[in-house]
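Read through the structure below, which is laid out as structure tokens, and then see the notes.
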Amino acid sequence: MFSVNNSTHDLWVGDDTQGGSLVSSVSGQSRSEFETFAAENVGGKQASNPLSNALGKGHIKTPGVLRTGEAVLMRNGQSVLPVKKAFSIQIGWRLFRLSGASIMSDAPSYFSTYFEEQLRLEEHGNGSMKTLFIDRDPDTFADICRHLQGYWVVPRDNAHYVKLYADAQFYSLPRLISLLFDSEIYVAIGGQQFQIPRDTFSGPGNSSNFFSLGFAGFLGTRDDAFPGLESRGLMRPPPIQPQSIPNRSPKVFADLIHLSRGYPLTIRDADHRAELLSDCKYYGFKGLMHKIFVHSISYNAERGTSEIIMRLEDLHKSGISFIGDASPSDQSPLGGWVNYSRPFVDEQSYECVVEIGNQETKIDFRSMRADFYGDTKARISSLFQVVADKMNLPSNLPLGLMMSSGGASAASASPANTPLSEDRVKIRIGPEAHVILDGENHVMDDGTLDHHHNLDSSSPSSNSSALQTPTTASPWPSLTSNNLAPTNTRPPPTKKRKRRGSLDEFGEWIVKKGQWRMRVQPRTELNPRNLASGESGMEIVLVAVKLDAVSGQRGRNMTRRFVS
């Protein structure tokens with residue numbers, strides 16, 4: 001209620017019509033109580049014409065409908081519906097009466113078009129105003145009436161949401177359609193209702209997910225509802241099934257929402273982590289998935305670099321990179337280390353320490369190579385190929401296989417099919433590696449360490465020298481690193497000491513779980529197959545960090561448990 005020129009007027013809450021204007025009998029140039037009210041309560045800034053602001057034409061964004069005497073709403077200079085006149089609408093078995101102001105608060109619509117035509121017929125003497133009958137759900141329309149009367153209508157659940165959406169489209173209510181498109185996502189998961197703000201899963205890697213794509217599929221867009229149907233002349237909207245996922249856990253989904261909002265999440269055990277990862281894959285939350293993967297990031301002060309520990313099965317090719325050594329001034333090929341950064345999560349890459357488990361690794365100390373089996377072999381082969389691609393190395397597959405049906409994908413999974421390794425991968429187990437053998441801490445035999453005497457170097461100059469003049473007579477890889485301490489070179493002892501861990505006792509180990517750095521270096525020898533295939537002369541050496549191994553079948557049997 002406000003006063004202008006000693007006249008009392010009411011302020012109605014509503015909205016101006018699209019492309020139209022609102023008029024009233026308010027007049028006068030001096031600042032009045034109405035102008036003060038508009039400036040202080042409606043929320044806009046004072047402009048040159050405060051009344052224009054109050055009517056929605058200035059900075060004021062709050063919708064308002066001004067009711068004064070016989071004022072009418074206007075669209076394109078033509079009168080539409082009288083503000084105070086009541087119009088009858090029969091929805092199913094209930095009769096509703098709405099004022100012109102309420103109907104025009106969300107117009108043009110099915111209702112405004114119908115009653116505009118009725119007014120024209122009445123003015124020309126062609127009959128009286130008729131009641132509009134629509135055979136739809138009156139309970140849903142009761143909520144739509146509240147929306148037209150200026151109340152904020154919130155869907156109660158996923159079923160109520162689709163009812164409001166279908167009827168908003170059917171009645172052509174543009175403002176309600178927009179509100180529903182921008183509102184939360186309503187979904188039932190495992191029988192439990194969830195109300196999810198749309199920006200909850202809008203972070204990197206999560207934006208194109210089960211819900212955003214699903215809503216776009218069955219709701220369409222603001223301008224094109226009901227995909228696949230011609231909405232013009234539609235007798236009634238098609239039935240829309242409420243969004244529901246009955247076969248997933250509501251508790252796991254609640255944890256994902258908690259994590260997506262930036263809160264820390266305590267992962268209780270391996271089963272809980274597996275449940276979270278399974279649902280991340282189901283819903284398409286790639287960013288969350290890379291956060292949940294097992295990992296450890298730390299700074300290695302001795303090596304002067306940050307490193308990340310990741311399981312082999314969790315590595316993603318987009319996060320793998322190759323970082324070369326500091327380059328000396330020569331033309332020799334340079335080695336380097338494989339790095340990793342979690343996609344959509346990390347802003348920098350870390351030196352990668354890959355963890356390989358499942359007891360699918362076997363070490364042969366006589367050749368200092370490792371054999372991999374099953375899925376681990378396939379993953380190692382894929383990892384080596386990704387590293388080779390990052391280094392722009394040519395493929396070494398035979399031309400016939402490359403041209404055959406299926407191409408490179410038809411080749412069997414083997415590190416030998418990559419430019420960086422043979423079928424058995426070179427390894428190094430230095431004195432800095434922590435080894436647990438048969439459940440006990442193990443110190444490597446001196447005879448075993450003697451095979452590594454020319455693997456270390458501490459200065460760029462020695463690095464350059466090793467790269468330029470590899471020792472082709474030695475069967476051991478020439479691993480270079482500026483971060484490892486040098487070891488004294490001495491000939492192998494003439495007699496190996498018989499003690500736990502010597503090569504005579506344990507020629508092969510089965511690694512239950514191991515952590516390895518990945519070093520790329522120039523090859524120390526090229527066999528005829530390497531030369532014929534035109535390989536790049538680079539290879540990967542796995543450098544042991546921590547090993548939990550058993551000594552052959554006897555050690556493996558020691559770890560067995562009775563099942564009963």
Side-chain angles (χ1 to χ4, degrees), residues 270 293-298 300 303 307-315 320 337-340 350-384 386-387 413-415 420-445 448-449 451-452 455 476-477 479 481 484 500-501 503 506-521 539-560:
F293 280 143
V294 180
H295 67 280
S296 175
I297 298 176
S298 60
N300 191 323
R303 295 177 61 83
E307 56 190 21
I308 183 171
I309 302 175
M310 294 288 299
R311 297 187 304 183
L312 175 63
E313 57 267 31
D314 295 338
L315 293 177
I320 297 171
W337 300 91
V338 176
N339 282 32
Y340 188 76
Y350 309 93
E351 188 173 283
C352 183
V353 177
V354 59
E355 183 171 299
I356 304 174
N358 301 326
Q359 300 191 35
E360 295 181 343
T361 306
K362 184 170 69 175
I363 294 175
D364 182 359
F365 279 96
R366 292 177 176 84
S367 61
M368 289 306 294
R369 290 183 178 269
D371 286 308
F372 298 97
Y373 303 94
D375 292 340
T376 299
K377 186 172 185 177
R379 292 189 177 106
I380 283 288
S381 303
S382 177
L383 173 61
F384 285 9
V386 171
V387 175
S414 171
L420 290 172
S421 180
E422 298 180 5
D423 188 64
R424 305 175 75 202
V425 181
K426 279 189 177 182
I427 63 170
R428 176 191 183 276
I429 306 177
E432 73 281 358
H434 178 223
V435 179
I436 301 174
L437 182 63
D438 296 335
E440 299 179 0
N441 288 332
H442 175 75
V443 178
M444 298 295 293
D445 184 84
T448 304
L449 295 179
H451 290 296
H452 307 298
L455 298 182
W476 308 109
L479 182 65
S481 172
L484 299 178
R500 181 176 180 83
L503 295 181
F506 307 117
E508 292 182 346
W509 286 358
I510 297 174
V511 180
K512 297 192 297 182
K513 188 175 293 185
Q515 294 179 353
W516 308 83
R517 288 189 177 90
M518 291 173 285
R519 172 74 180 174
V520 181
Q521 67 176 30
E539 65 182 354
I540 281 185
V541 178
L542 297 182
V543 183
V545 176
K546 185 179 181 70
L547 300 178
D548 184 1
V550 294
S551 52
Q553 285 299 316
R554 179 176 177 274
R556 189 172 189 274
N557 292 336
M558 290 172 59
T559 63
R560 291 181 183 270

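If you're wondering where the values come from, they're calculated on a predicted model, not measured in any experiment.
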Quick check: does any side chain N or O of [X] sit under 3.5 Å from a backbone N or O of [Y], one acting as donor and the other as acceptor?
X      : Y      : result
Asp364 : Arg366 : yes
Asp438 : Ser551 : yes
Ser382 : Ala378 : no

Side chain proximity check, [X] to [Y], heavy atoms < 4.5 angstrom:
X      : Y      : answer
Val353 : Arg517 : yes
Asp371 : Thr361 : no
Asn441 : Val435 : no

Audit row: Lys426, Ser421, side chain to side chain contact (heavy atoms under 4.5 Å, CB included) steps and yes/no: CA-CA 8 Å; Lys426 279 189 177 182; Ser421 180; over 6 Å; no
Candidate pair Lys513 and Ile356, rule side chain to side chain contact (heavy atoms under 4.5 Å, CB included), full reasoning: CA-CA 6 Å; Lys513 188 175 293 185; Ile356 304 174; over 6 Å; no
Salt bridge or not for [X] and [Y], using N-O below 4.0 Å?
X      : Y      : answer
Glu422 : Arg424 : no
Arg303 : Glu351 : yes
Arg379 : Asp314 : no

Passing candidate, side-chain contact (heavy atoms from CB on, under 4.5 Å) with Val543, options Met518, Glu432, Gln515: Glu432
Please report the shortest heavy-atom distance between [X] and [Y], naming the atom on each side.
X      : Y      : value
Tyr373 : Lys362 : OH-CE, 3.2 Å
Ser414 : Lys377 : CA-CE, 4.0 Å
Tyr340 : Ile308 : O-CG2, 3.8 Å
Ala544 : Ala433 : O-CB, 3.6 Å
Gln359 : Ile510 : O-CG2, 4.1 Å
Met310 : Phe293 : CE-CB, 4.2 Å

From Ile363 atom CD1 to Leu547 atom CG, the distance as rounded to the nearest 0.5 Å: 5.5 Å
Verdict with reasoning, Leu312 to Ile380, per side chain to side chain contact (heavy atoms under 4.5 Å, CB included): CA-CA 8 Å; Leu312 175 63; Ile380 283 288; 4.0 Å; yes
Axial cation check for Trp516 ring with Arg428, 6.0 Å and 45° limits: no
Lys546/Glu355 under salt bridge (charged side-chain N to carboxylate O under 4.0 Å, His left out): CA gap, chis, key distance, verdict: CA-CA 9 Å; Lys546 185 179 181 70; Glu355 183 171 299; over 6 Å; no
Residues Tyr350, Asn339; criterion side chain to side chain contact (heavy atoms under 4.5 Å, CB included); working and verdict: CA-CA 5 Å; Tyr350 309 93; Asn339 282 32; 5.6 Å; no
